A.B. asks: 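Below is a structure I'd like to ask you about.
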Number of protein chains: 2
Amino acid sequence: MSLKTVKTDKQIRTARYAKAMGHPVRMYVLELLSNQSCCYSGDLSDELPIAKSTLSQHLKELKDAGLIQGEIESPRIKYCINKENWKEAQQLFKQFLGI
Amino acid sequence: MSLKTVKTDKQIRTARYAKAMGHPVRMYVLELLSNQSCCYSGDLSDELPIAKSTLSQHLKELKDAGLIQGEIESPRIKYCINKENWKEAQQLFKQFLGI
DNA sequence: TTCGCTATTCGCAAAACAACGAACAGCTAT
DNA sequence: ATAGCTGTTCGTTGTTTTGCGAATAGCGAA
């Protein structure tokens, strides 16, 4: 392994997931979704003390990381955990943390 | 629980650990330390393609998050995992990820 | 005291992040 | 066509992060 690629793809992916989890609001959203299957953006913004636009940005970050996905149910959007990537994240952190 | 404190202390702490892990260099350092007990800053900077000062910043971030600690062995510094907080991180992520 | 070493801190620039309000987009009902 | 709803995007501001080289700090040996 050359000096230029010391970090493995696994470490990069784990870091990406960790980055997405690195804000309390996103952590809250992920915990809620992993416990109750799905929720609506509107419900979240009713509960959280942040602007709708800020929540939207956080949801976008979680989507970009691949941890959640949203389905349009006009006029609302239903968010849920992306099971495939959630499983991958579970594996990566299990291995990384040794649990 | 009032609207102003929706996020729990646990979520905040987990997010803090996640933030510290949210960069590939720090992920690399943590993985190395969890596998081999300890290492020297100098050895890390020989391996990683980043400036010494940049590595120092990353090590400081991991220390600030409480995940690692350093012992001075003049003229070098030996870094190792902070076992107590590592255990806490294991617990928090185990619970959060459901593994 | 000086030198040489390791490692950190400082100052800088650029990029990324996080908050917001306003404007916009898409949809459905009227 | 318009109104009302939900949710996103844009532009802005302020803060934090990330990279670096230069300067500094601490230590031990000579």
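Each chain gets a letter, A, B and so on, in the order the sequences are listed, and its residues count up from 1. In this text the structure is predicted, and so the values were computed from the model without any measurement.
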A.B. asks: Please check if atom CD in B/Glu84 has more than 12 non-hydrogen atoms from other residues, nucleotides or ligands closer than 6.0 Å.
C.D. replies: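 Not buried by this count: 12 neighbours or fewer within 6.0 Å.
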A.B. asks: Could you tabulate the donor-acceptor pairs under 3.5 Å formed by side-chain atoms of residues 21-29 of chain B, not counting sequence neighbours?
C.D. replies:
unit_1  : atom_1 : unit_2  : atom_2 : d
B/His23 : ND1    : B/Val25 : N      : 3.1
B/Arg26 : NE     : B/Ala20 : O      : 2.7
B/Arg26 : NH1    : B/His58 : ND1    : 3.0
B/Arg26 : NH2    : B/Lys19 : O      : 3.3
B/Tyr28 : OH     : B/Glu47 : OE1    : 2.2

A.B. asks: Would you kindly confirm whether B/Ile12 and B/Tyr17 end up in one hydrophobic cluster when ILVMFWY residues are joined by side chain heavy atoms under 4.5 Å apart?
C.D. replies: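 Per the 4.5 Å side-chain linkage, B/Ile12 and B/Tyr17 are not co-clustered.
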A.B. asks: Starting from C1' on C/dT9, measure out to NZ on B/Lys63 and report it in whole angstrom.
C.D. replies: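 In whole Å, C/dT9 C1' lies 11 Å from B/Lys63 NZ.
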A.B. asks: Using 4.0 Å as the upper bound for N to carboxylate O, is an ion pair formed by A/Asp9 and A/Arg13?
C.D. replies: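 Salt bridge flag = no for A/Asp9 with A/Arg13.
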A.B. asks: What is the separation between atom CG on A/Asp46 and atom P on D/dT6, rounded to the nearest whole Å?
C.D. replies: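 Those two atoms, CG and P, are 9 Å apart.
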A.B. asks: Rounded to the nearest 0.5 Å, what separation is found between the OH atom of B/Tyr40 and the NZ atom of B/Lys78?
C.D. replies: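 Answer for the OH-NZ pair, B/Tyr40 versus B/Lys78, is 5.0 Å.
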A.B. asks: Mind calculating the distance between CD (B/Gln57) and C1' (D/dT17) to the nearest angstrom?
C.D. replies: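 Rounding to the nearest Å, CD of B/Gln57 and C1' of D/dT17 are 10 Å apart.
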A.B. asks: Quick one: is B/Tyr79 getting a side-chain N or O under 4.0 Å of the C/dT8 phosphate, OP1 or OP2?
C.D. replies: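 Yes, B/Tyr79 has a side-chain N/O under 4.0 Å of OP1/OP2 on C/dT8.
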A.B. asks: Would you confirm whether the ring centroid of A/Phe96 sits within less than 6.0 angstrom of the ring centroid of B/Trp86?
C.D. replies: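 Yes, the ring centres sit under 6.0 Å apart.
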A.B. asks: OG1/B/Thr14 to CG/A/Leu30 distance, rounded to the nearest 0.5 angstrom?
C.D. replies: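 Between B/Thr14 OG1 and A/Leu30 CG, I get 11.0 Å after rounding to 0.5 Å.
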A.B. asks: Hey, is A/Glu31 close enough to B/Lys10 for a salt bridge, meaning N to O under 4.0 Å?
C.D. replies: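 Salt bridge between A/Glu31 and B/Lys10, a charged N being under 4.0 Å from a carboxylate O: no.
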A.B. asks: Mind checking if A/Ile50 touches a base, just sugar-phosphate, or nothing, with heavy atoms under 4.0 Å?
C.D. replies: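 Sugar-phosphate contact only - A/Ile50 comes under 4.0 Å of backbone atoms but never of a base.
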A.B. asks: Without decimals, in angstroms, what is the distance between A/Ile68 CD1 and D/dG7 P?
C.D. replies: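 To the nearest whole Å, that distance equals 13 Å.
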A.B. asks: Within this structure, what is the NZ-to-P distance between A/Lys60 and D/dT6, rounded to whole angstrom?
C.D. replies: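 Going from A/Lys60 (NZ) to D/dT6 (P), I get 23 Å.
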A.B. asks: Using a cut-off of less than 4.0 Å, is there contact between a side-chain N or O of A/Lys19 and OP1 or OP2 of C/dC17?
C.D. replies: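 For A/Lys19, the contact criterion (side-chain N or O under 4.0 Å from OP1 or OP2 of C/dC17) is met.
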A.B. asks: Expected output is a numbered-order residue list: members of residues 22-42 of chain B with a heavy atom under 4.0 Å from any atom of DNA chain D. What is it?
C.D. replies: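 Heavy-atom contacts with DNA chain D come from B/His23, B/Arg26.
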A.B. asks: Closer than 4.0 Å, any side-chain N/O of B/His58 to the OP1 or OP2 of D/dG19?
C.D. replies: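 Affirmative; the distance criterion is met.
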A.B. asks: Strictly below 4.0 Å, N to O, side chains only: are B/Glu88 and B/Lys94 in salt-bridge contact?
C.D. replies: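 No, B/Glu88 and B/Lys94 are not salt-bridged.
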A.B. asks: Rounded to the nearest angstrom, tell me the gap between atom CG in B/Leu59 and atom P in C/dT8.
C.D. replies: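 Taking atom P of C/dT8 as the reference, CG of B/Leu59 is at 6 Å.
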A.B. asks: Side chain of A/Ile77 only, heavy atoms from C-beta on: which candidate in C/dT9, D/dT9, D/dT8 is closest?
C.D. replies: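 Nearest to the side chain of A/Ile77 among the choices is D/dT8.
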A.B. asks: Quick one: which protein N/O atoms are closer than 3.5 Å to N/O atoms of nucleotides 21-28 of chain C? Pair and distance per line, please.
C.D. replies:
unit_1 : atom_1 : unit_2  : atom_2 : d
C/dG21 : N7     : A/Ser53 : OG     : 3.3
C/dG21 : O6     : A/Ser53 : OG     : 3.1
C/dC27 : O3'    : A/Ser74 : OG     : 3.4

